[in-house]
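Data first, discussion second: the structure below is written as structure tokens.
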Amino acid sequence: MESKDRTVGGVVRVRVPSTSANLGPGFDTLGLALNMYNELELELYRDEKFDIQSFGEGAEMLPTDESNMIWSTIRLLLSRTGNADKYRGMKMRMYSRIPVSRGLGSSATAIVGGLRAANEWLGCPLDKKGVLALATELEGHPDNVAPAIYGGFSVSVTYEGKPDCIAFIPDIPLKAVVAVPDFTLSTRLARSVLPDDVPRVDGVFNVSRAALLAAAMARGKADYLKMALEDRLHQPYRKSLIPGFDDVTAAARKAGAIGCVLSGAGPTIIAFTLEKEAAIGDAMVEAFRANGADARAIVLGIDREGAKVVSHRKEW
Ligand code: HSE
């Protein structure tokens, strides 16, 4: 049976939240969407022509031709939905606020933004789970793309080769203070320092903390977060890549944070708190400086909506 062409066309603008993956114990599994956003506007072209412009964080690093990573992302969606021969180019504007290669999900934002916008443009051939499957295939693990798509706190899993997740809005008015240092760290390098095997005692330690963290978030038990944010699977191996990791986390706790962890693969360090956000941010920046790194602190809340279409108009 011939499938019906549902293409809507026009110009689609989407907004995608930043994310923090792992959250301490939940390596490659837990994630949280934060209210700092990248936006992207898209129109697909039938001809092979590209009109791409980027503004804001990392704009100078993004290619403006067909080698653009968002185009590769969109091409995969076009091919999986039977549209690869119909659309061969695009006009795109990218407006970025999320620091690049810092552990705040900027690459997940680009992937999810490209997929969400192209999917809308084509009349939504994929549902959210379909977008999650493609995004995970491109990103390699689901813990950033899941909260970027769904918003809130997410528990992701890969089952029989397919990603799935439960996402919900935590019942705690948490603030996240992110201390973003002025150096980048590639996820590849941060993964290369991890051992293939870990002692069973560490596995048990992390299973208990990750489960407790999900339960505490769901049940609004802020008093369990200090315990629940502990980790032995990745941070002990990665912290040598981040000058001052122990000092920054200790400074955040001393200034009033409930707990403090590496955001994703780093180098950003994220402190969770219910109060004293400004003092915690200042203490973290100061501790980074004492270790020779400039840093900025940003206070964020939890994003509740995930990737969303903010406008869909006829023309530019
Ligand atoms: N879970 C991933 C990691 C997140 O820690 O390597 C970064 O992409």
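We count ligands from 1, going down the list as the structure has it; atoms in each ligand are counted the same way. Side chains included, hydrogens not; waters and symmetry mates left out as well; all remaining heavy atoms used. Just so you know, residue 1 is the first one in the sequence shown, and it goes up from there.
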Minimum heavy-atom distance N38-T109, with the two atoms named: CB-CG2, 3.5 Å
Where does ligand 1 get N/O contacts under 3.5 Å from the protein, atom by atom?
{"unit_1": "ligand 1", "atom_1": "1 (N)", "unit_2": "N22", "atom_2": "OD1", "d": "3.0"}
{"unit_1": "ligand 1", "atom_1": "1 (N)", "unit_2": "D28", "atom_2": "OD1", "d": "2.5"}
{"unit_1": "ligand 1", "atom_1": "1 (N)", "unit_2": "D143", "atom_2": "OD2", "d": "2.6"}
{"unit_1": "ligand 1", "atom_1": "5 (O)", "unit_2": "N22", "atom_2": "ND2", "d": "2.8"}
{"unit_1": "ligand 1", "atom_1": "5 (O)", "unit_2": "R238", "atom_2": "NH1", "d": "2.8"}
{"unit_1": "ligand 1", "atom_1": "5 (O)", "unit_2": "R238", "atom_2": "NH2", "d": "3.3"}
{"unit_1": "ligand 1", "atom_1": "6 (O)", "unit_2": "R191", "atom_2": "NH1", "d": "2.6"}
{"unit_1": "ligand 1", "atom_1": "6 (O)", "unit_2": "R238", "atom_2": "NH2", "d": "2.9"}

Within 45 degrees of the ring normal and closer than 6.0 Å to the centroid, is that where the cationic atom of K221 sits relative to Y224? no
Quickly, which of E120, E41, E43 forms a salt bridge (charged side-chain N to carboxylate O under 4.0 Å, His left out) with R13? Name it, please. E41
Cation-pi check for Y95 against R93: NZ or CZ below 6.0 Å from the six-membered ring centre and within 45 degrees of the axis, yes or no? no
Identify the two heavy atoms, one from G123 and one from V8, that lie closest to each other, and give their separation to 0.1 Å. CA-CG2, 3.6 Å
Treating S96 as the side-chain partner and I98 as the backbone partner, does any N or O pair qualify as donor plus acceptor under 3.5 Å? no
